[in-house]
Amino acid sequence: MAIFGASLIYYDFVVTPFEALVLVLLALVASAAQLLFGWGFFLYRKRFSVGSFDEVRALLKAGTATGLTLFATGLITGYSLDHPVAVGLIVAPVAVVLMFGLRFAERLRALSRSVPDKQVVRTLVIGAGEAGTNLIRQMVTTPGTKYWPVGLVDDAPEKSNVQVYHAKVMGKLTQLPQLINQTGVEVLVVAVASPSKEMLGEVQRIADEFDLQLKIIPPLDELLERGIRSADLRDLSIYDLLGRAPVETNVEEIAGYLTGARVLVTGAGGSIGSVLCQQISRFHPAELIMLDRDETGLQHAQLTVNGNGLLSTKETVLADIRDAQALREVFEAYRPEVVFHAAALKHLPMLERYPEEGWKTNVLGTLNVLEASESVQVERFVNISTDKAANPTSQLGYSKQAAEQLTSWMDQQSDGRYLSVRFGNVIGSRGSMLPTFTNLIEQGGPLTVTHPNVTRYFMTIPEACQLVLQAGGIGNPGEVLILDMGEPVRILDVAKRMISLSGKDIDIVFTGLRQGEKLHEELTSDHENAMPSAHPLISRTEVAPLSITEIGYLTDSSTIVRSTMTTERSG
């Protein structure tokens, strides 16, 4: 059509039979070239949605290549056939515009059939960025969609005039109650890739007030991997309300000491250890040795890192950090250059009942790992500690404080860099508060909370592990690095929110603080001075070293261990 149209205009609509034959030949050449190039650029292989940017891009490539082919044909035949050489340059843009028009018309026709049926629910989308606009496109163009967007909400001034199909930005988040009344929606969707927990909490409060469903989109990494689909919308969880935005880490600092190194992780089968191994593997260490006394935990770690749980390769090591001789043999065999010490006993009430066990694992076990590391000249040692080591009041706190001090002492005895990383509760770790609350809710309650005003710090496991790896890169010898845990969260509020999200009527019972348990946790001790580090979410402090001679007299008698630690805590 473009060839005949442009040529007729060129010839003033007077074409001889010979010129008509030339036009037919050019049309055949153009058709063959367009089919060839279009096939090569996947234009005619149903790879792209009709009228999409991807199809437009392929069409531009094919049309340009066809136009150049016509231009070359004109150069070859133009003088002998008395045909204008520039016809290819004139025809190509005309043809591309016509093909654009056909595809746009087809897209409009498809959209005209995309009308909501009686089963869909009216939906207000919060977020007019790329995630929100893509979600609305997907909602409108998907047959049988469950949700029909009626509008958008966004606080950014530059988004105030955004409109996607029929849905336009109707106001800001502060106007959400009025917009809900105005639109009569039944569902709110937070279409922000990394929403803050404060924003989610406010939207959840408003949704509860108006008895609306609240949905959110998948995490950012899933969006990057496969895009957004309305079928992936999910209910808000307590993890979303407690989590934070993804941590910005300096990859160069991390990769600098992990890439190409032999890395050993103790406690690799635990909640933190397994995620730590998974993140370390992304930096391509020469070897990643996963050590634990829990064979099932090791299998899980191997599954997350390598995609198999065969337990038949040398990367998994079954050993107990209490066994100094076995540990020394492992270190001699593997000779790690970097060690992350995540193995520990962590349940405060259990260690109050069995302080000797906490001493054997958290203190003597740590000492065994430190000595084994020093024997093979480990270059970097990172001891993973807890906020309970700051102003300790429990057996757990005292044992982890001693581990920090032993790490500081070993740094003075060794040429390597030995440091500790201290943080609070991690969301979703085995045996932690949130899984426990979830199980109690599933059983019908009651939900047990120690005290109405008790607060705790929370951090997601991936976030904690990212900061641990970052701390290993920036920490100075002998320091304790303290991760920024954000604001403490009241446990009673968490319990109430989880009950609300469950939709069940469950009672809350207060059991009282347990022995050694604090009302509010701290990240630094009274005598410690927290200083900034190279990362905004990590601060640093120093602890007094505790030599092996100062604890040696305690290692022979569990009775002395119990009485000594209990007396120290009381005094």
Side-chain angles (χ1 to χ4, degrees), residues 242 267 269-273 293-294 297 321-322 342-366 384-404 422-443 445-459 461 464 485 488-495 498 507-523 525 554 558-571:
L242 293 178
S271 303
I272 292 177
R293 67 177 183 180
D294 179 1
I321 63 171
R322 294 183 177 189
L345 294 180
K346 64 179 183 179
H347 288 286
L348 185 149
M350 189 64 75
L351 296 191
E352 289 298 308
R353 295 175 55 201
Y354 301 100
E356 301 95 335
E357 298 304 310
W359 176 265
K360 293 174 187 176
T361 297
N362 295 350
V363 181
L364 300 185
T366 297
I384 296 179
S385 188
T386 171
D387 57 357
K388 292 172 178 59
N391 292 326
T393 58
S394 62
Q395 306 289 350
L396 172 59
Y398 279 112
S399 65
K400 296 298 285 184
Q401 181 190 57
E404 290 182 356
R422 184 190 296 170
F423 54 89
N425 296 1
V426 288
I427 301 172
S429 61
R430 287 188 303 181
S432 62
M433 181 196 75
L434 294 184
T436 301
F437 277 5
T438 300
N439 290 334
L440 290 173
I441 289 173
E442 289 175 352
Q443 296 170 17
L447 217 56
T448 55
V449 177
T450 55
H451 191 281
N453 297 321
V454 66
T455 63
R456 290 292 180 266
Y457 291 101
F458 287 97
M459 179 180 281
I461 297 177
M485 301 293 297
V489 178
R490 197 166 72 130
I491 303 302
L492 179 59
D493 293 338
V494 176
M498 291 184 72
D507 294 330
I508 296 177
V509 176
F510 297 105
T511 59
L513 290 175
R514 296 165 292 189
Q515 183 178 357
E517 193 171 30
K518 296 179 183 179
L519 189 62
H520 308 291
E521 291 291 358
E522 305 155 278
L523 292 172
S525 295
L554 294 175
S558 60
T559 303
I560 296 178
V561 173
R562 180 189 292 273
S563 62
T564 302
M565 295 186 73
T566 304
T567 302
E568 184 179 2
R569 188 191 66 215
S570 302

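Using modelled atom types, no side-chain atom of His347 and backbone atom of Pro349 make a donor-acceptor pair closer than 3.5 Å. Panel note: side chain Lys388, backbone Leu348; no donor-acceptor pair is recorded below 3.5 Å. The backbone N or O of Pro452 sits less than 3.5 Å from a side-chain atom of Arg490, completing a donor-acceptor pair.
Take Thr366 and apply the side-chain hydrogen bond (donor to acceptor under 3.5 Å, both in side chains) test, not counting sequence neighbours, and it matches His341. The side-chain hydrogen bond (donor to acceptor under 3.5 Å, both in side chains) test applied to His520 returns Thr455, not counting sequence neighbours. For Asn439, the side-chain contact (heavy atoms from CB on, under 4.5 Å) partners are Glu442, Gln443, not counting sequence neighbours. Every residue two or more places apart in sequence or in another chain that forms a side-chain hydrogen bond (donor to acceptor under 3.5 Å, both in side chains) with Thr361 is listed here: Arg322. Legend: residues meeting side-chain contact (heavy atoms from CB on, under 4.5 Å) with Thr450, ordered by chain and number and at least two apart, are Val454, Thr511, Leu513, Arg514, Glu517. Considering only residues two or more places apart in sequence or on other chains, Asn362 meets the side-chain contact (heavy atoms from CB on, under 4.5 Å) condition with Ala344, Leu345, Leu351, Leu396, Ser399, Lys400.
Among all heavy-atom pairs drawn from Val363 and Ala402, the shortest one is CG2-CB, 3.9 Å. When all heavy atoms of Gln395 and Glu352 are compared, the closest pair comes out as N-OE2, 2.7 Å. Ser385 and Ala389 make their closest contact through OG-CB, 3.9 Å (heavy atoms, listed as atom of the first residue, atom of the second, distance). Residue Ala464 comes nearest to Val426 through the heavy atom pair CB-CG1, 3.9 Å, listed as atom of the first residue, atom of the second, then distance. For Gly267 against Ala343, the heavy-atom pair with the smallest separation is N-CB, 3.5 Å. Minimum heavy-atom separation, Val449 to Phe437: CG2-CZ, 4.1 Å.
Taken to the nearest 0.5 Å, the CG atom of Leu523 stands 9.0 Å off from the OG1 atom of Thr386. Note: Met498 CE to Ile441 CD1 = 4.5 Å, rounded to the nearest 0.5 Å. Here CE of Met433 is found 9.5 Å from CZ of Arg456. Values are rounded to the nearest 0.5 Å. In this structure, the separation between OG1 on Thr393 and CD on Gln515 is 10.0 Å, given to the nearest 0.5 Å. How far CE of Met485 is from CZ of Arg422: 12.5 Å, rounded to the nearest 0.5 Å. Distance check, rounded to the nearest 0.5 Å: CG of Leu447 to CG of Leu492 gives 9.5 Å.
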- side chain to side chain contact (heavy atoms under 4.5 Å, CB included) between Val494 and Leu434, intermediate numbers included: CA-CA 9 Å; Val494 176; Leu434 294 184; 3.7 Å; yes
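Looking at heavy atoms from C-beta onward, Glu521 lies out of side-chain contact with Asn425 at the 4.5 angstrom threshold.
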